[in-house]
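These values consider heavy atoms only, across backbone and side chains, with no hydrogens, waters or symmetry-generated copies. Within every chain, numbering begins at 1; the chains are lettered A, B, ... in the order of the sequence lines, protein sequences first and strands thereafter.
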Protein chains: 2
Amino acid sequence: MAARPATPPDRSRDRERTRAEILDVATREFASRGYSGARVDDIAERTRTTKRMLYYYFDSKEGLFVAVLERAYAAIRDAERAVDVDHLDPVAAIRRLAELTFDHHEAHPDFIRLVSIENIHRGEHMGDSLAAINAPAVERIDRILRRGREAGEFRDDVDAVDLHMLISSYCVFRVANRHTWQALFERDLLDPALRERYRTMLGDVVVQYLT
Amino acid sequence: MAARPATPPDRSRDRERTRAEILDVATREFASRGYSGARVDDIAERTRTTKRMLYYYFDSKEGLFVAVLERAYAAIRDAERAVDVDHLDPVAAIRRLAELTFDHHEAHPDFIRLVSIENIHRGEHMGDSLAAINAPAVERIDRILRRGREAGEFRDDVDAVDLHMLISSYCVFRVANRHTWQALFERDLLDPALRERYRTMLGDVVVQYLT
DNA sequence: GACATAATGTACGAACTAGTACGTTAGTCC
DNA sequence: GGACTAACGTACTAGTTCGTACATTATGTC
């Protein structure tokens with residue numbers, strides 16, 4: 001027997017690798033052109049495998065999109081797991097959390113685009129499993145709010161989901177509506193030169209509202 | 001000659017009427033299914049005229065979408081022209097303006113959807129003419145900011161376009177991301193029972209940030 | 001009322017697009 | 001080393017979709 005590395009050589013059969021490659025390409029294609037605009041043939045062509053495999057693993061174009069969406073949400077969850085702001089005082093914690101959301105959205109425009117696309121399609125591809133994913137994010141905010149209220153620093157009529165909405169709306173808008181905003185106001189919301197200003201502004205908005 | 005009303009009878013030839021009807025139907029279709037998802041044949045079918053007319057007036061599917069988008073922005077402009085908040089004191093004025101934006105976005109979900117769709121397509125259908133349309137909105141905010149600063153009520157480092165972004169992001173998100181939010185948090189952002197709460201929250205956010 | 005032209009209708013086609021029937025190869029288990 | 005199955009490739013098709021060639025009708029003008 002010839003020497004064989006632990007990972008199969010080059011083009012051996014590897015279920016997970018093939019699946020992952022299809023999902024990578026499909027994510028880019030769907031995010032780039034929307035659900036209806038994306039072409040199954042184009043996705044297949046950019047893969048090292050063929051269209052047949054795409055149907056073998058994901059059944060249909062719609063099945064592929066669902067898989068792409070679920071994987072994108074899962075990636076967010078994993079990234080957010082690392083966040084720990086419980087050691088900061090409430091005001092610093094909520095500002096930090098807002099900034100992390102800001103950074104994260106900016107770093108993942110494809111995810112934002114997929115969410116926009118899914119909303120155009122009225123959320124009909126959102127499985128029930130996704131609900132659990134974002135629960136930790138709200139719980140984290142809820143802990144901060146509670147601590148802030150107990151310390152007498154925060155107003156006591158703010159709901160965690162609503163605050164999450166406030167933060168998300170600002171961060172999402174900056175990425176999602178970049179192009180129309182640019183056309184209307186000749187201002188690139190993602191211009192690096194404006195980044196710090198927008199980041200600080202978000203923190204100010206959130207903190208001022210709460211205190 | 002038979003009696004003839006000033007407005008042509010029923011199915012006479014009427015350029016503007018035919019154009020308007022096509023645009024009405026196309027607006028709904030594009031907003032509902034996205035640019036690529038919309039079907040030219042479906043649009044034509046829901047019109048009292050034929051597909052031929054659609055190409056006669058708008059040249060192509062893309063030309064039709066551009067016309068739909070421009071008309072949608074023009075409608076916004078006309079609606080906003082009626083707004084007058086210059087007689088209110090700065091704090092009341094900015095809150096009122098935020099609430100008007102809130103109301104307006106809620107009342108025109110199709111417009112919000114078209115904007116989302118256009119952003120997915122990187123704003124490539126936005127003509128230069130649109131830039132002028134939103135200028136008045138920013139000027140109005142600028143006047144309020146100026147008055148607020150002069151009265152010593154507002155902080156002095158806030159840009160009008162940025163404040164407009166803060167307000168828009170909140171109002172747009174509520175409509176645009178309704179479906180994914182519902183799936184993730186089981187909360188309908190457009191639930192009438194929550195409307196007043198979200199409207200007040202927006203005003204609070206803006207006013208607290210500025211003062 | 002004849003003419004010119006704008007507005008409209010019909011029928012069709014070329015290209016695309018999601019999906020599949022059918023055959024082949026690699027790995028695994030005994 | 002042979003049988004079994006999961007993974008993969010090729011070639012094709014039925015239906016769709018944007019767009020157009022060509023014919024027709026209404027309307028204003030002289």
Side-chain angles (χ1 to χ4, degrees), chain A residues 1-26 28-30 32-68 117 121 124-125, chain B residues 1-26 28-30 32-68 117 121 124-125:
Chain A
M1 194 161 96
R4 201 98 183 250
T7 45
D10 202 39
R11 230 8 350 229
S12 70
R13 304 189 158 193
D14 185 334
R15 184 182 176 83
E16 286 316 309
R17 197 204 315 197
T18 304
R19 276 182 62 103
E21 190 183 351
I22 293 173
L23 286 175
D24 285 343
V25 175
R28 287 197 296 272
E29 175 80 1
F30 279 124
S32 175
R33 313 203 193 186
Y35 175 73
S36 306
R39 297 292 163 236
V40 173
D41 286 287
D42 288 355
I43 295 171
E45 226 168 65
R46 289 186 195 123
T47 305
R48 274 176 304 180
T49 180
T50 65
K51 184 162 61 156
R52 180 70 187 76
M53 284 300 95
L54 199 150
Y55 284 94
Y56 182 70
Y57 287 117
F58 303 102
D59 292 335
S60 63
K61 182 181 183 180
E62 196 173 355
L64 180 57
F65 184 72
V66 169
V68 162
I117 290 161
H121 292 275
E124 61 194 10
H125 307 99
Chain B
M1 193 161 94
R4 201 95 181 253
T7 45
D10 203 38
R11 243 336 23 211
S12 70
R13 301 189 159 190
D14 185 334
R15 185 183 176 83
E16 285 316 309
R17 201 213 302 207
T18 304
R19 277 183 61 104
E21 190 183 352
I22 293 172
L23 285 175
D24 284 344
V25 175
R28 287 198 295 274
E29 175 80 0
F30 280 124
S32 175
R33 313 202 192 187
Y35 175 72
S36 306
R39 296 293 163 235
V40 173
D41 286 287
D42 287 356
I43 294 172
E45 226 169 66
R46 289 185 195 126
T47 305
R48 273 176 304 181
T49 180
T50 66
K51 184 164 60 158
R52 179 70 187 75
M53 284 299 94
L54 198 152
Y55 283 95
Y56 182 68
Y57 287 118
F58 303 103
D59 291 335
S60 63
K61 182 181 183 180
E62 196 172 356
L64 179 58
F65 183 72
V66 169
V68 162
I117 289 162
H121 292 275
E124 61 194 10
H125 307 99

Side chain to side chain contact (heavy atoms under 4.5 Å, CB included) evaluation trace for R33(A) with D42(A) = CA-CA 11 Å; R33(A) 313 203 193 186; D42(A) 288 355; 3.8 Å; yes
Below 4.0 Å: OP1/OP2 of dA7(C) and any side-chain N or O of R15(B) = yes
Identify whether any heavy atom of Y57(B) sits under 4.0 Å from a base atom; if not, whether one sits that close to sugar-phosphate; answer base, sugar-phosphate or nothing.
-> sugar-phosphate
Can the ring centroids of H125(A) and Y35(A) be said to lie less than 6.0 angstrom from one another?
-> yes
Which part of the nucleic acid does A44(B) contact within heavy-atom distance under 4.0 Å: base, sugar-phosphate only, or nothing?
-> nothing
Between M53(A) and I22(A), is a side chain to side chain contact (heavy atoms under 4.5 Å, CB included) present by the stated rule, with each step listed?
-> CA-CA 9 Å; M53(A) 284 300 95; I22(A) 293 173; 4.2 Å; yes
Phosphate-side-chain proximity, T18(A) and dC8(D), N/O vs OP1/OP2 below 4.0 Å | yes
Comparing T50(B) and V40(A) on DNA chain C - which has the more 5′ nearest nucleotide = T50(B)
Any N/O donor-acceptor pair, K61(A) side-chain to dG19(C) base, under 3.5 Å | no
Atom CG of D41(B) to atom C1' of dT16(D): distance rounded to whole Å?
-> 9 Å
Any T49(A) side-chain N or O less than 4.0 Å from OP1/OP2 of dG9(D) | yes
Min side-chain heavy-atom separation I43(B)-L64(B) under 4.5 Å = yes
How long is the line joining CE of M53(A) and C1' of dT20(C), in whole Å?
-> 12 Å
Which nucleotide sits closest to the side chain of K51(B): dA18(C), dG9(D), dC18(D)?
-> dC18(D)
Taking only side-chain nitrogens and oxygens of R39(B), does any of them come within less than 4.0 Å of OP1 or OP2 of dC18(D)?
-> yes
Using a 4.5 Å cut-off on heavy atoms from C-beta on, say whether the side chain of F65(A) contacts that of E62(A).
-> no
Given atom OH of Y56(B) and atom C1' of dA23(D), what is their separation to the nearest angstrom?
-> 15 Å
Between D42(B) and R52(A), the residue closer to the 5' end of DNA chain D by nearest nucleotide is R52(A)
When the distance from CZ of R17(A) to C1' of dA6(D) is rounded to whole Å, what number comes out?
-> 17 Å
Could you check how far CD1 of I22(A) sits from P of dA7(D), rounded to whole Å?
-> 12 Å
What integer distance in Å separates E21(A):CD from dC8(D):P?
-> 10 Å
Whole-Å distance between dT17(C) P and E62(A) CD?
-> 18 Å
